[in-house]
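We count ligands from 1, going down the list as the structure has it; atoms in each ligand are counted the same way. In this chain, numbering begins with 1 at the start of the sequence shown.
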Amino acid sequence: MASSQLVGKTYCVKTFGCQMNLHDSERVSGLLDACGCNEVATFEEADIAVFMTCCVRENADQRLYGQASALVSMQAPPSGKRVVAIGGCIAQRDGARLKEQIPTCDVVFGTSALDKLPALLEEAFDSSSRRIFVDTEEDPASFSTDLPTHRAQPFHAWVPIMYGCNNFCTYCIVPYVRGRERGRVFETIVSECERLVNDGVREICLLGQNVNSYGRDLYGKPRFAELIRAVGETGVDRLRFTSSNPKDLNDDVIAAMAETPAVTPHLHLAVQSGSSRILKAMNRSYTREQYLDLVGRLYDAIPGLALTTDIIVGFPGETEEDFLETLSLVEEARFAGAFTFIYSKRPGTPAARIVDPTPAETIENRFDRLARLVEKQSWEANQIDLGTSVEVLVESTSKRNSGVLVGHSAKNQTVHFPVPEGRMPDDLIGKFCTVDVDLARTWYLSGTMAGEPR
Ligand code: SF4
C-alpha cells in the first residue's frame, strides 16, 4: 500500500455527520497510515487536509464551505504544499462542482471511492496547476470494504454490514448519495468481528442505514437476527447496532437481541413523527399504532430496555394535531432520550418541493415543547439507576477535568466518576468498571468506582 509520493506526508481528517462517516474517516486514516503518512492534530500542520462531509445534518454544507475556504489564508505546511480532499456525501452529490464553492479543493472522492484516495492525492501532489481530481463513480459492486482502519479508540470498533438504502424517506438524501442497499457477506463480517475481538476490541457497533433489512440482496438471504447471534458468539463484550428502521424490525430480531448476552439493553429506533398522516407523507411505511405495538413487544422481551429515538418537528404540512400526536407518542413510548430536529429541506428530495406556510415561530414553539418533554423523560429514565451499580466501558478522561473518567453504561448513558486514588487513568481506559451511581442528571450519571475493573 505504501506510495512513494505520500510517504512522510502529514494528514488531518475532519468529520461531519453520522457514524457511517466516522467509520469512513477511520478507514481514510487507516489507508493514509498504510501509505506511510503521519496523522497530525490540525490542518495547519497537515500536507493533506481531508473533509468527510455529510448532507444529512443541518448546515453541514455551510460548515464545510466555511472551514475548507479558511484554508486559503492558512500558512502552507513545512513541505510547501497542502492538498485538500473532500469525501463523503457532499462529495458524492456535487462532484467537480465543489471547486466552484471551494476554490481550495484539489481532490473529490465519492462514497464508493475511498480506496482511490491515495492515487488521487498522488496526482494532486504531482500537478503543478490547481486542477481538481475527482472520482465519484458509483460502483455498486465495490464499497471499499477491506481497507485498513485506524480506529479512534482501540477498544471500540464500527463494523459496516451494508451500504446504501432502499427506503426513500421523502426528506432524506441518503439513497441518492449512497446508492441502493448492498450487504457485506455474512462470513466476512463475522470473521472481521472475530479478528477485532482477538485484537482486544470490547465493544462492536454494527453499522448500516437500515440494519434490519440486512441480507436481502445476498446469496442465501442471511437475516440480521442470524448475524446478531453469530457476532454475539465471537466473545465480544458489548454489541450494538444502528440504524434500525422500525418497519423492518421483526420478532426474529427482537428474540436475537433478548437471547444474545452481548447485545446491550439499548435501542435507537427513529420514529420521526407520532402522526400516521405525517409518517405516510414521510414514506416511513409504518403507522403510529404499529410503532407503539413494536415498542410494547420490545419492552416485553428485553427487561430494562432504554429506547431512544429521532424526531423531526415541522415536516411540511404538520398541523398542531399532528404535533400533539407526536407528544403523546413520546409519552407512551417512554423514550430515555431523543435527538430532535426542526425539518430542513434537502434539495433533490421529494419533501423539498412541498410548500408549507406554517410560520417559523409556530415550529420553534413546537420544538421547544418537545424538547422540554424529552428532557423530563431523560431525567426520569436516569433516576431509575440512582442508587444502583452500572457497568461502564471507560473511554477517556473528561475534557474539563483530567481527574474524572468518562464512559458509557450498557444503556448508553454517559457516566462520570473520579479516578480512584492510586489508579492511573490509562490503566482504566478501555476497561469495564462498576460504578455506584450517586447522582442522576438529565444528560449523565455520576458516582464512584467499586471493585476491580475487568
Ligand atoms: S431509512 Fe429513510 S431516513 Fe434512513 S437512510 Fe434510508 S431513506 Fe434515509
Side-chain angles (χ1 to χ4, degrees), residues 15-24 52-58 60-61 88-93 110-112 138 140 143 158 160-184 205-217 224 240-250 253 267-288 290-291 294 307-318 326 329 335 338-354:
T15 312
F16 300 98
C18 66
Q19 286 92 344
M20 193 59 98
N21 248 14
L22 285 173
H23 176 68
D24 280 352
M52 294 301 287
T53 64
C54 167
C55 48
V56 175
R57 300 280 161 95
E58 211 173 350
D61 290 43
C89 295
I90 294 179
Q92 185 67 44
R93 186 192 67 192
T111 49
S112 307
E138 265 200 65
F143 29 83
W158 308 105
I161 64 168
M162 63 202 294
Y163 297 85
C165 182
N166 289 350
N167 290 318
F168 292 93
C169 301
T170 55
Y171 52 83
C172 180
I173 193 77
V174 165
Y176 305 94
V177 291
R178 296 230 175 219
R180 298 301 92 75
E181 271 176 26
R182 289 97 73 204
R184 289 180 67 197
C205 183
L206 303 177
L207 277 186
Q209 304 296 346
N210 177 16
V211 289
N212 299 312
S213 63
Y214 168 77
R216 287 181 191 168
D217 63 321
F224 184 53
R240 302 184 188 274
F241 50 85
T242 195
S243 300
S244 261
N245 188 317
K247 80 180 176 62
D248 294 310
L249 205 171
N250 56 30
V253 173
L267 180 67
H268 189 78
L269 191 64
V271 64
Q272 306 300 8
S273 170
S275 153
S276 295
R277 195 182 73 81
I278 294 295
L279 289 170
K280 189 156 190 251
M282 290 175 164
N283 194 30
R284 291 290 290 175
S285 306
Y286 53 86
T287 61
R288 165 195 177 87
Q290 285 165 333
Y291 185 90
L294 174 60
L307 198 62
T308 56
T309 197
D310 293 335
I311 301 170
I312 297 172
V313 178
F315 185 81
E318 181 191 76
T326 296
L329 181 137
F335 293 121
F339 293 109
T340 54
F341 307 89
I342 289 184
Y343 169 78
S344 71
K345 276 185 191 181
R346 293 292 170 270
T349 58
R353 295 195 290 272
I354 309 173

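When heavy-atom distances to ligand 1 are checked against a 4.0 Å cut-off, Pro175 comes that close only through its side chain, counted from C-beta outward. Contacts of Asn210 with ligand 1, taken as heavy-atom pairs under 4.0 Å, are absent altogether. Only backbone heavy atoms of Phe168 (N, CA, C or O) come within less than 4.0 Å of ligand 1; its side chain stays farther off.
Between Asn212 atom CG and Phe224 atom CZ the span is 6.0 Å, to the nearest 0.5 Å.
Residue contacts to atom 8 (Fe) of ligand 1: Cys169 brings no N, O or S atom closer than 2.8 Å. With a cut-off of 2.8 Å, atom 2 (Fe) of ligand 1 has no N, O or S atom of Cys165 in range.
The distance from ligand 1 to the heavy atoms of Val174 drops below 4.0 Å at these ligand atoms: 5 (S). In summary, the atoms of ligand 1 found under 4.0 Å from a heavy atom of Tyr171, numbered by their order in the structure, are 3 (S). Under a 4.0 Å criterion applied to the non-hydrogen atoms of Asn245, ligand 1 contributes the atoms 1 (S).
Side-chain contact between Arg288 and Ser276 is present, with heavy atoms from C-beta onward closer than 4.5 Å. The closest side-chain heavy-atom distance from Arg180 to Asn166 is below 4.5 Å. Within the 4.5 Å cutoff, no side-chain heavy atoms of Cys165 are placed close to those of Arg178.
Of the listed residues (Asp248, Asn167, Thr349), the one carrying the non-hydrogen atom nearest atom 1 (S) of ligand 1 is Asn167.
A donor-acceptor pair under 3.5 Å links the side-chain atoms of Asn245 to the main chain of Lys247, judged by distance alone. Side-chain N or O atoms of Thr111 include none that pairs as donor or acceptor with a backbone N or O of Cys89 at under 3.5 Å.
Minimum heavy-atom separation, Pro246 to Arg284: CD-NH2, 3.7 Å. Contact detail for Pro175 and Phe168: the closest heavy-atom pair is CB-CE2, 3.6 Å.
At the top of the distance list for atom 8 (Fe) of ligand 1, counting protein heavy atoms only, stands Cys172 SG, 2.3 Å. For atom 4 (Fe) of ligand 1, the nearest non-hydrogen atom of the protein is Gln209 O, 4.3 Å.
The closest approach between a heavy atom of Arg284 and any atom of ligand 1 is below 4.0 Å.
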